[in-house]
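Start at 1 and go down the list; that is how both ligands and their atoms are numbered. Residue numbers count from 1 along this sequence. Bear in mind the structure is a predicted one, so any value in this text is a computation, not a measurement.
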Amino acid sequence: MVNGLSISGVSKQFTNPQGEVITALSNVDLDIAPGSFISLIGPSGCGKSTLLRLIAGLIQPDSGTLTLDGAPITKPGSDRGFMFQDHTLFPWLTIYDNIAFGLRAQGVFQEKEASVKEFIDLVGLTGFEKYYPHQLSGGMCQRASLARALVGHPKVLLLDEPLGALDAFTRMNIQDEILRIWKEHSMTMIMVTHDVDEAVYLSS
Ligand code: ADP
Ligand code: MG
């Protein structure tokens, strides 16, 4: 497949602290069409996060290939955004500066400044730009990390149990926000979740 994400024959092993070799992924093939919402469900330790980290380009496969729209994935890039279970916001930066961080790091802040406002608004954090992460609830921090992952307009958003640490009501609210963003921005979303209902509700 040229368009979309193509994972072919991907294997990945790790060595644990005892020196034993752990096979996290063995010969994985998966084609994901552009604009799909895919959920990965499986027991703890079966390699879900490893697969997302490979797609993100944070780690390299031992064998096999990953391509996005035909181009090999070899390192992280602004075409892929990542949202983790813990919000991983920088505690010393305001919400605005956290969301703008990636754009500044890439040297594209000046031209894409309007995007920061757009995504702050999209996740419902307008008015909280000057707050620091510790001054916001867990749900609001997850909204900020969603905006941070989206601000570079990635083709693919990777979500690793993004709502697992939230209470049920916040979780339902953010599920609907993710769904709305997915529909409005027609991006590919790949989510790891333990919650089968959540997977059924969100996934195409
Ligand atoms: P999941 O996200 O499905 O719970 P992971 O992809 O995190 O699983 O991990 C798959 C397996 O690989 C687990 O056995 C885990 O302990 C191991 N593993 C993952 N990353 C590393 C690493 N950096 N070093 C050693 N072992 C790892
Ligand atoms: Mg995991």
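- Under the 4.0 Å criterion applied to side-chain N and carboxylate O atoms, Arg171 and Glu198 are assigned as salt-bridge partners.
- Taking distance alone, with nitrogen or oxygen atoms compared against 3.5 Å, Cys46 approaches ligand 1 more closely than that limit.
- By the 3.5 Å distance cut-off applied to N or O atoms, Phe14 is not counted among the residues near ligand 1.
- The protein non-hydrogen atom at the shortest distance from atom 7 (O) of ligand 1 is Ser49 CB, 3.7 Å.
- Contact check on Arg104 versus Asp97 returns a salt bridge, with a Lys/Arg side-chain nitrogen under 4.0 Å from an Asp/Glu carboxylate oxygen.
- Taking atom 15 (C) of ligand 1 as the reference point, the nearest protein heavy-atom neighbour is Ile22 CG2, 4.9 Å.
- Polar contact with ligand 1: present for Gly47 (N/O pair, distance under 3.5 Å).
- Under 2.8 Å from the Mg ion (ligand 2) lies no N/O/S atom of Thr50, from backbone or side chain alike.
- Within the 4.0 angstrom cut-off, atom 24 (N) of ligand 1 has one or more protein heavy-atom neighbours.
- An N or O contact shorter than 3.5 Å is missing between Asn16 and ligand 1 by distance.
- Put simply, the side chain of Leu157 does not reach to within 4.5 Å of the side chain of Ile178, judged on heavy atoms.
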Walk me through whether Asp167 and Thr170 qualify under side chain to side chain donor-acceptor pair (under 3.5 Å).
CA-CA 6 Å; Asp167 66 84; Thr170 308; 2.7 Å; yes

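- Under a 4.0 Å heavy-atom criterion, Arg53 is in contact with ligand 1.
- To the nearest 0.5 Å, atoms CG (Asp176) and OH (Tyr201) are separated by 3.5 Å.
- At least one N/O-N/O distance between Thr50 and ligand 1 falls below 3.5 Å.
- Within the 4.0 angstrom cut-off, atom 19 (C) of ligand 1 has one or more protein heavy-atom neighbours.
- Neither side chain, Ser11 nor Asp62, offers a donor N or O lying under 3.5 Å from an acceptor on the other.
- Among Val116, Asp121, Leu122, the one residue that satisfies the side chain to side chain contact (heavy atoms under 4.5 Å, CB included) test with Phe119 is Leu122.
- The protein heavy-atom contact nearest to atom 13 (C) of ligand 1 is Gly45 O, 3.8 Å.
- By the 4.5 Å heavy-atom criterion applied to side chains, Ile7 and Asp29 are not counted as neighbours.
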